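Presented below is the structure to which this report refers.
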2 protein chains.
Amino acid sequence: MLKISELSEQTGLSAHTLRYYEKHGLVNASNRSEAGYRFYTDSDVRRVQFVKTARNTGFSLADIGQLLSIRVDKRSHSCQDVTDITRKKLVEVNTKLAELQSMQQTLELLLESCCGGSENATHCSIMEALDAGLSREGKKEARLIK
Amino acid sequence: MLKISELSEQTGLSAHTLRYYEKHGLVNASNRSEAGYRFYTDSDVRRVQFVKTARNTGFSLADIGQLLSIRVDKRSHSCQDVTDITRKKLVEVNTKLAELQSMQQTLELLLESCCGGSENATHCSIMEALDAGLSREGKKEARLIK
DNA sequence: TATAAGCTTAGAGCTGACTCCAAGGTCAAT
DNA sequence: ATTGACCTTGGAGTCAGCTCTAAGCTTATA
């Protein structure tokens with residue numbers, strides 16, 4: 001039986017966060033002392049670690065709520081229930097990934113196009129490109145957005 | 001001279017958002033009618049479009065504030081000032097990109113490992129992998145996390 | 001002139017995932 | 001018995017970037 005600070009240490013999640021998860025229905029302490037102190041069992045620890053792993057994988061707390069309810073009663077759920085949640089997440093991740101990749105490319109082209117020197121920015125090609133809505137090239141090559 | 005709704009139409013930003021930007025010091029209407037209605041000049045329109053382009057490129061409103069103050073007085077700023085902001089943003093984007101790519105890979109492996117069928121989730125390999133902290137493989141290949 | 005559409009403001013609400021605070025109770029060690 | 005570390009709770013604050021509301025004025029059209 002672990003106290004909240006011990007669970008915090010074991011999982012790397014703060015006690016604040018653990019209480020927050022409890023408030024949101026993700027992880028309860030199986031036991032409480034007479035004074036109300038939370039005490040966590042091994043099973044609780046595993047549940048918290050499941051939550052942490054799922055968070056690292058990108059699932060929202062709402063997703064994780066669903067995954068947890070599958071986890072406690074696997075017989076009443078299908079693999080498809082699980083893949084549905086996972087696939088939905090993958091789509092979200094891919095969408096964000098595409099946005100970020102586009103930003104990355106733009107930023108790299110902007111940096112390539114600019115001297116970055118200490119002379120004044122009167123003719124800075126980054127400023128020019130942003131002014132032109134990125135529609136023009138970086139002065140030499142016609143690649144931005146296009 | 002455009003009214004706010006006209007500027008909204010031209011830029012694709014809502015009137016709400018335009019007022020929000022003004023409140024945060026990014027874009028002022030150069031003129032006001034007697035009744036206080038905002039009127040935007042061509043120069044204002046260009047400024048708003050600059051902001052929009054910078055937003056699309058991933059810059060925060062705070063970054064854009066800096067870029068705008070460079071824009072209005074290019075002589076007092078260097079190309080390096082501009083590349084500093086841009087490079088900082090690129091680093092942030094690359095960091096997020098790495099996180100998302102790791103999530104993407106994990107999600108794809110999870111999906112590969114699971115049948116996704118209508119049978120119950122008792123032996124679902126996604127659930128098993130999340131339970132094991134992704135430290136184990138997808139039943140067949142040893143690739144998750146590793 | 002009446003109506004509807006559009007404008008103004010300050011300020012509140014939203015999202016998600018924490019993060020912190022105050023006020024007070026508990027526990028272990030000295 | 002006292003100190004200090006730890007625990008409890010409800011509720012507020014944080015971040016970014018909007019998004020919306022309410023109450024009231026203005027403007028264009030019929």
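Model, not experiment: these values are computed from the prediction. Keep in mind that the numbers below use all heavy atoms, side chains included, and drop hydrogens, waters and symmetry copies.
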Would you tabulate the nitrogen or oxygen pairs shorter than 3.5 Å linking the protein to nucleotides 13-18 of chain D?
| unit_1 | atom_1 | unit_2 | atom_2 | d |
| --- | --- | --- | --- | --- |
| dG17(D) | OP2 | L61(B) | N | 3.4 |
| dG17(D) | N7 | Y20(B) | OH | 3.3 |
| dC18(D) | OP2 | Y21(B) | OH | 2.7 |
| dC18(D) | OP2 | R55(B) | NE | 3.1 |

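- For DNA chain C, the span of nucleotides reached by chain B at under 4.0 Å from its heavy atoms goes, 5' to 3', from dG6(C) to dG11(C).
- Ionic pairing of E119(A) and K74(B) is not present here: no N-O contact between side-chain nitrogen and carboxylate oxygen is shorter than 4.0 angstrom.
- Salt bridge status for K89(A) with E92(A): present, with a side-chain N to carboxylate O gap under 4.0 Å.
- Atom P of nucleotide dT9(D) and atom NE2 of H16(A) are separated by 13 Å, given to the nearest angstrom.
- dC20(D) atom P lies 15 Å from atom CD1 of I4(B), rounded to whole Å.
- In this structure, the CG atom of N31(A) is 13 Å from the P atom of dT8(D), given to the nearest Å.
- Residues from residues 37-50 of chain B that place a heavy atom under 4.0 Å from any atom of DNA chain C, listed by number: Y37(B), R38(B).
- Residue whose closest nucleotide on DNA chain C sits further toward the 5' end, between R19(A) and E34(A): R19(A).
- Remark: E9(B) CD is loosely packed, at most 12 non-hydrogen atoms of other residues, nucleotides or ligands lying under 6.0 Å away.
- The terminal axes of the helix from dT1(C)-dA30(D) to dT30(C)-dA1(D), fitted over 5 pairs per end, subtend an angle of 20° to the nearest 10°.
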Subject >> Trace of the side-chain hydrogen bond (donor to acceptor under 3.5 Å, both in side chains) decision for S8(A) with S5(A) >> reply: CA-CA 5 Å; S8(A) 166; S5(A) 61; over 6 Å; no
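- Proximity of a side-chain donor or acceptor of D63(B) to a complementary backbone N or O of S60(B) within less than 3.5 Å is detected.
- No donor-acceptor distance shorter than 3.5 angstrom exists from the side chain of T17(B) to the backbone of L13(B), with no hydrogens or angles considered.
- Put simply, the side chain of F39(A) does not reach to within 4.5 Å of the side chain of S30(A), judged on heavy atoms.
- Note: NZ (K3(A)) to P (dA5(D)) measures 14 Å, nearest angstrom.
- Partners of R47(A) according to the salt bridge (charged side-chain N to carboxylate O under 4.0 Å, His left out) rule, which considers only residues two or more places apart in sequence or in another chain, do not exist here.
- Summarising the geometry, atom NE2 belonging to H16(A) is positioned 14.0 Å from atom OH belonging to Y21(A); distances are rounded to the nearest 0.5 Å.
- Atom C1' of nucleotide dC7(D) and atom CD of E6(A) are separated by 12 Å, given to the nearest angstrom.
- Atom CG of L2(B) and atom P of dT27(D) are 17 Å apart (whole Å).
- Note on residues 46-103 of chain A: no pairs pass ring pair (Phe, Tyr, Trp, His ring centres under 6.0 Å), not counting sequence neighbours.
- The backbone N or O of T11(A) lies less than 3.5 Å from a partner atom in the side chain of K52(A), making a donor-acceptor pair.
- Surrounding CD of E6(A) are more than 12 heavy atoms belonging to other residues, nucleotides or ligands, all under 6.0 Å away.
- The main-chain N or O of S102(A) is found under 3.5 Å from a side-chain atom of T106(A) such that the two form a donor-acceptor pair.
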